[in-house]
Amino acid sequence: MLLGFDDYEMQSRNLAGALKIPCQIIQRHRFPDGECKLTLPANLPEHVIICFSLNQPNEKLVELLLAAKTARELGAKTLTLVAPYLCYMRQDKAFQPGESISQQIVGNFLADLFDNVITVDPHLHRIQYLEQAIPATHAVSLSATTLMAEFLREHFKDPVLLGPDCESEQWVSAVAKPNQWTYGVCEKIRTGDKKVEITLPEINLHGRSIVLVDDIVSSGHTLSVAIEKCLLKNAKHVDVLVTHALFANDAKEYLIQAGVRNIWSTDSVSHESNVLPLHSLFKDAVLNLPNFFTVG
Ligand code: R5P
């Protein structure tokens, strides 16, 4: 059985449909003081998949704790988390003495609750493998870049693909290479949550169609600065394609003001820019889990 939450219901139902398993939505009651109560189906099978995208994560991590512990109480022996957006992966070291290394802490929290964790394009920068962050039995890191490459092939003949910072090299190169398109990576210096400086790579952008490819749009500052810089170099137009459309606060407005043409994303986080559904990717990953059909 797959259990979902109402803010990710359509995608959860699509995944359950692809796997040909039942889907139930976990009921949430929010008390006046902010605490919550969850209600799961009283009878659970031995393998339960919880599909929960962990954007806006602070409340969701408590809900996930309640859901996973309750599912175990109700008989689930194997628990799989499908978290299309995996939170807290960017803080992967203490940049200043005393800072929490959220990636490790949240990774261990998830590994304690779940046997399997599946996600797409997690922000792994200083480590290579998801299991280094999430020591679960199976930690599966998928990528949306093949879907992105196919999508862009339908829309462009010869675009220039740019990643806005060095971390994005892994995604922009994976999208550009199969299509043999020109790509480059910008240099980014972040001096605050909402302050970034970007230097474009040495590629002639004059009259070219540019697609900025990144894993996450959060405050929107990285991409909006990159868009402005490309247009200053006389790019024909600039589109944006990201895996995780977090779009905090006015992020979309920043991109529009900067002059973006199209904003596209996968459906890892529900947003109006979603054009790439991920359920087929997750279906294959679930079916490939060595413990998918085993229990205990
Ligand atoms: C960081 O390196 C990520 O890949 C994104 O570039 C970043 O999270 C985007 O953040 P924002 O939209 O707040 O600039």
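Values below: every heavy atom of this structure, side chains too, minus hydrogens, waters and symmetry copies. Everything quoted here is computed from the prediction, not taken from an experiment. Order of appearance sets the numbers: ligands from 1, and atoms from 1 within every ligand. Along the sequence shown, residues are numbered consecutively beginning with 1.
Counting heavy-atom neighbours within 6.0 Å of Glu9 CD, excluding the residue itself, gives a total above 12.
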Return a table of N or O atom pairs, ligand 1 on one side and protein on the other, at distances under 3.5 Å, rounded to 0.1 Å.
residue	atom	partner	partner atom	Å
ligand 1	2 (O)	Asp165	OD2	3.2
ligand 1	2 (O)	Glu167	OE2	3.2
ligand 1	4 (O)	Asp214	OD1	3.3
ligand 1	4 (O)	Asp215	OD1	2.6
ligand 1	6 (O)	Asp165	OD2	3.3
ligand 1	6 (O)	Lys188	NZ	3.3
ligand 1	6 (O)	Asp214	OD2	2.7
ligand 1	8 (O)	Arg90	NH1	2.8
ligand 1	10 (O)	Arg190	NH2	3.3
ligand 1	12 (O)	Ser218	N	2.8
ligand 1	12 (O)	Ser219	N	3.1
ligand 1	12 (O)	Gly220	N	2.8
ligand 1	13 (O)	Ser219	N	2.8
ligand 1	13 (O)	Ser219	OG	2.6
ligand 1	14 (O)	Arg190	NH2	3.0
ligand 1	14 (O)	Thr222	N	2.9
ligand 1	14 (O)	Thr222	OG1	2.5

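Through direct or relayed side-chain contacts under 4.5 Å between Ile, Leu, Val, Met, Phe, Trp and Tyr, Ile101 connects to no other residue. Members clustered with Val269: Tyr85, Ile216, Leu246, by chain and number, using a 4.5 Å side-chain heavy-atom cutoff among hydrophobic residues.
In the hydrophobic cluster analysis, where Ile, Leu, Val, Met, Phe, Trp and Tyr join through side-chain heavy atoms closer than 4.5 angstrom, Ile21 is grouped apart from Phe52.
Between the side chains of Ser270 and Gln11, at least one donor N or O lies within less than 3.5 Å of an accepting N or O.
Screening residues 139-160 for ring-ring contact (aromatic ring centres under 6.0 Å, His included) gives Phe151-His155, Phe151-Trp264, His155-Trp264 as the qualifying pairs, with residues at least two apart or on separate chains.
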